[in-house]
Structures are given as structure tokens and as C-alpha cells.
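Take a look at the structure set out below.
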Amino acid sequence: MVKHIILWTLKEELSEAEKEMVKKEIKDGLETLVGKVPGLLEVKVYIDGRLSTSTADVMLDSTLESQEALRCYASHPAHVEVADTKVRPYTSLRSCLDFEI
């Protein structure tokens with residue numbers, strides 16, 4: 001199995017209200033991909049409970065069946081749609097950590 005962890009920082013120019021809305025839309029969009037994307041076993045998006053010591057705003061914690069499933073997830077139309085409409089337009093920084101478990 002493979003863990004796919006992403007941290008995003010939202011754009012500074014977004015108001016606090018906009019940031020809250022964007023975080024909810026990212027969470028809703030990504031968590032609905034389970035069952036739509038083959039090999040995607042689990043998705044959890046963390047948007048609440050962030051401590052002031054944090055340098056990121058949103059965390060994606062996902063589990064996939066294999067490295068091949070991760071490659072397919074990256075280009076799957078349902079994932080690309082969420083990324084292009086709910087994530088990329090509103091984020092300024094993305095960090096990724098993929099590893100086998």
C-alpha cells in the first residue's frame with residue numbers, strides 16, 4: 001500500500017471567510033473520490049484544529065493500493081477536476097510525501 005500525503009498553503013489574499021469556504025470545498029471534493037477512483041482506499045482531509053505553529057492550512061492523508069494506483073489517481077478525471085477547480089486556484093504552496101507502508 002502507498003500513503004499519499006499533501007500539505008497545502010492557501011493564498012494569502014483570500015479572506016478568512018474565503019479560506020474557510022475553500023477548505024470545506026477541498027475536503028468535500030477529495031473525500032468523495034473514494035469509490036470513484038480505482039485503487040483509492042481511504043481519504044481524510046484535515047481542515048480543523050490547526051495550531052498557530054502550523055505553516056500549512058490543509059492536509060490530505062490518503063491510502064492507495066499501490067504505486068500504480070497512485071499514478072492512475074494523479075491523472076484520473078475525477079481527481080483532476082477537483083484539483084483544477086477546488087485546489088489549484090486557491091493554493092500557493094504544495095508539499096507532497098509518498099511512501100510505501
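One is the number of the first residue; the rest follow in order along the sequence.
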Please determine which of R50, K23, K27 meets the salt bridge (Lys or Arg N to Asp or Glu O under 4.0 Å) test together with D57.
-> R50
Single-linkage hydrophobic cluster, 4.5 Å side-chain cutoff, L30 and M59 together = no
In this structure, CD1 of I47 is separated from NZ of K19 (nearest 0.5 Å) by 14.0 Å
From S15 OG over to M21 CE, what is the distance, rounded to the nearest 0.5 angstrom?
-> 8.0 Å
Give a yes or no on whether L41 and I101 share a hydrophobic cluster (residues Ile, Leu, Val, Met, Phe, Trp, Tyr; joining criterion: side-chain heavy atoms under 4.5 Å apart).
-> yes
Gap separating the CD1 atom of I6 from the CG atom of L60, nearest 0.5 angstrom = 6.0 Å
Applying ring pair (Phe, Tyr, Trp, His ring centres under 6.0 Å) to Y90 and not counting sequence neighbours gives none
For residues E42 and V34, determine if any side-chain heavy atom of one lies less than 4.5 Å from a side-chain heavy atom of the other.
-> no
Heavy-atom closest pair, residues A69 and P38 = CB-O, 4.4 Å
Of all the heavy-atom pairs spanning K86 and E25, show the shortest one and how long it is.
-> CD-O, 3.3 Å
Distance, nearest 0.5 Å, that separates CD1 of I5 from OG of S62 | 6.5 Å
Partner set under salt bridge (Lys or Arg N to Asp or Glu O under 4.0 Å) for D28, not counting sequence neighbours = K24
Of all the heavy-atom pairs spanning T85 and E81, show the shortest one and how long it is.
-> OG1-O, 2.7 Å
Nearest non-hydrogen partners of V2 and Q67, listed with the distance | CG2-N, 3.5 Å
With hydrophobic residues grouped by side-chain heavy-atom distances under 4.5 Å, do F99 and M1 end up in a single group?
-> yes
Name all pairs fulfilling the salt bridge (charged side-chain N to carboxylate O under 4.0 Å, His left out) condition that reach into residues 69-78, sequence neighbours left out, sorted by first residue then second.
-> E68-R71
Would you say the side chain of V58 lies within less than 4.5 Å of the side chain of V45, judging by non-hydrogen atoms?
-> yes
For K11, all residues meeting salt bridge (Lys or Arg N to Asp or Glu O under 4.0 Å), sequence neighbours excluded | none
Are any of the side-chain heavy atoms of L33 and V82 separated by less than 4.5 Å?
-> yes
Same cluster for L7 and V22 if Ile/Leu/Val/Met/Phe/Trp/Tyr side chains link at under 4.5 Å?
-> no
Contact list for residues 4-56, test ring pair (Phe, Tyr, Trp, His ring centres under 6.0 Å), sequence neighbours left out | H4-Y73
For D84, all residues meeting salt bridge (Lys or Arg N to Asp or Glu O under 4.0 Å), sequence neighbours excluded | R88
Heavy-atom count around E13 CD within 6.0 Å, excluding the residue itself: above 12?
-> yes
Here the pair of heavy atoms bringing H76 nearest to V37 is ND1-CG2, 3.7 Å
